[in-house]
Every structure is written in structure tokens, then in C-alpha cells.
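Numbering of ligands and ligand atoms starts at 1, following listing order.
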Amino acid sequence: MIDRRSFLGCAGAFGALAASGLPAWAAVKPDARSALIVVDVQNCFLSGGSLAVKDGEQVIPVINRLAGMFQNVVATQDWHTAGHISFASSHPGRKPFDIVRLPYGDQVLWPDHCVQGTDGAALSKDLAIPNAQLIIRKGFHPNVDSYSALLEADKKTHTGLASYLRERGIASLFVTGLATDFCVAWTAIDARAAGFEVYVVEDACRGIDTQGSLMKAWDGMNRAGVKRIQSADIAA
Ligand code: VGL
Ligand code: ZN
């Protein structure tokens, strides 16, 4: 008979390993209940864009390769009104990357970006995900930001993505895109809270890293039970 304490001890050690990254031998295989989530691969976040993420374009070939391995692909698109509350230009005397207190909490102020219908808001033309089934837009309420693809920054207003995924029987999400420390992290953490299994594919993401945000984001994702993997950990 297996000793219960040593058995649980072993399971505990495995749990700890899984939380901090996969061991080299364990590949994850997407199936009909998995979806690739491609976050905000938009011109504004790429070189030459108004809120360019360093090396942001490097995620594109990785995402294009992964997309072929998934039966379900969903893209997100940051989609702000002109004069959006998250823009520094909407707060006289403030500058980008300042933090202000808004009714729903602290808000980092950004350069104007991803204004509805502009070229900057378009998905990169190099992104090759023709099998994407849904493009979900977020951040379109003038007075509320939404890093998360599930829940706006007021923590009350749902985008509908969680219900969409659930209705389609999707249980595991593989999150990629920009930026690791904002839209990727908030999407991943909210998806955990909504009951999904969540992997963040580190080399398919890049971060902004302002005021320690990247470290804080990984810490928050870790605590939420998000699994941090590399694209090479995913098997076709
Ligand atoms: C994002 C800042 C502002 C993101 C969007 O996609 O991570 N970051 N809006
Ligand atoms: Zn935004």
C-alpha cells in the first residue's frame, strides 16, 4: 500500500514544479478544448508605433507557428475611443507612464494608442492567423480601461469572452502577445479566476516593464496558478 504521506509529498513536489515551469520532458498538446489567445498584436505596440513594446515584432513568427497547432484561435484588439481616459493627453499636466487614481483604481497613463479605426489599431499585417475565429475588442468604454480580454478595469463589466469560450467547450488557454505585464497578464489572471487552465507562452510575449511592472506581473500570474511555458513546450 502506498504510504499516504509520502504519496502526497510527491504530488506536492510535482505541483511545485508545474507551477514554476514545465520540466523539459513534458510537452503540452493542444486539443479541441484548447485555444490560442493572441493579445493585441497591433501596429501601435510594434516598432514605430505610439506605444511600441521593445522587440514586440519578435512575437509574430512564434505566434504564426503556434497558430497552426490550434483548432481554436482568438485574437484581441485594444480599441479605444479618441480622448480615452487611459491617455495621458486626457489629463492636463500629466505625462505618459504617470499613475493617476480613477474611480475604479490606479491607472497608468499611456501615450494615445489604438484609437478605433486607425492604422495604429489594426492587427499587424505580418500576423498570419487566418484561422482566428473571433477578434474581441476591448477598452472601448471612454471612461474605463480594459487590459484584460475578459473583465474591464472596473472589475464589473464583462467583455463576453469567458462565456464565449465556455459555450464552445474550451477549457485551456494559451496566452501570447503584447504586452506581457499588462494585457497578457491581466487576461491570464482573469481567465484563471474564471476557471480556465491558463498557460502563458513566454517567448510569444514581450513586456513594457514600467516601474517594476514585469516582475510584478509574473508574480501575480504565478500566484494565480498561471503556468509559464515556452513555445517549444507545445507539441503539435
Ligand atoms: C496595453 C497598455 C495600454 C497592452 C494596452 O496591450 O498590454 N498596454 N493598453
Ligand atoms: Zn490600451
When you compare ligand 1 with Ala179, is there at least one nitrogen or oxygen pair between them that comes in under 3.5 angstrom?
yes

Discussion item. So, 4.0 Å and heavy atoms of His113: is ligand 1 close enough to count as a contact?
Written reply: yes

- prompt: Between Trp110 and Asp145, is a side chain to side chain contact (heavy atoms under 4.5 Å, CB included) present by the stated rule, with each step listed?
  reply: CA-CA 11 Å; Trp110 304 106; Asp145 204 1; 4.1 Å; yes

Counting only protein N, O or S atoms and ignoring waters, those under 2.8 Å from the Zn ion (ligand 2) are Asp78 OD2, His80 NE2, His113 NE2

With a cut-off of 6.0 Å (strictly less than), are more than 12 heavy atoms of other residues, nucleotides or ligands near NZ of Lys155? yes

Of all protein heavy atoms, the one nearest atom 1 (C) of ligand 1 is Cys183 SG, 3.3 Å

heavy-atom search around atom 5 (C) of ligand 1 in the protein gives Asp78 OD2, 3.1 Å

Numbered in order shown, the ligand 1 atoms found under 4.0 Å of a heavy atom of Leu178 are 4 (C), 6 (O), 7 (O)

Any chain of hydrophobic side-chain contacts (each under 4.5 Å) joining Trp79 to Val184? no

Checking Arg168, Glu167, Arg166 against Tyr164 for side chain to side chain donor-acceptor pair (under 3.5 Å), the one that qualifies is Arg168

Using a 3.5 Å cut-off on N or O atoms only, is Asp145 in polar contact with ligand 1? no

In short, ring pair (Phe, Tyr, Trp, His ring centres under 6.0 Å) pairs touching residues 35-66 with sequence neighbours left out are Phe45-His113

Discussion item. Between Asp181 (side chain only) and Ala217 (backbone N and O only), is there a donor and an acceptor less than 3.5 Å apart?
Written reply: no

Does the side chain of Ser146 come under 3.5 Å of the side chain of Glu152 through a donor N or O and an acceptor N or O?
no

Exercise. Between Asp219 and Lys216, is the closest basic N to carboxylate O distance under 4.0 Å?
Worked result: no

The atoms of ligand 1 lying under 4.0 Å from a heavy atom of Asp40, numbered in the order shown, are 4 (C), 6 (O)

Q: Consider only side-chain heavy atoms of I, L, V, M, F, W and Y, link residues closer than 4.5 Å, and tell whether Ile85 and Leu151 are in one cluster.
A: no

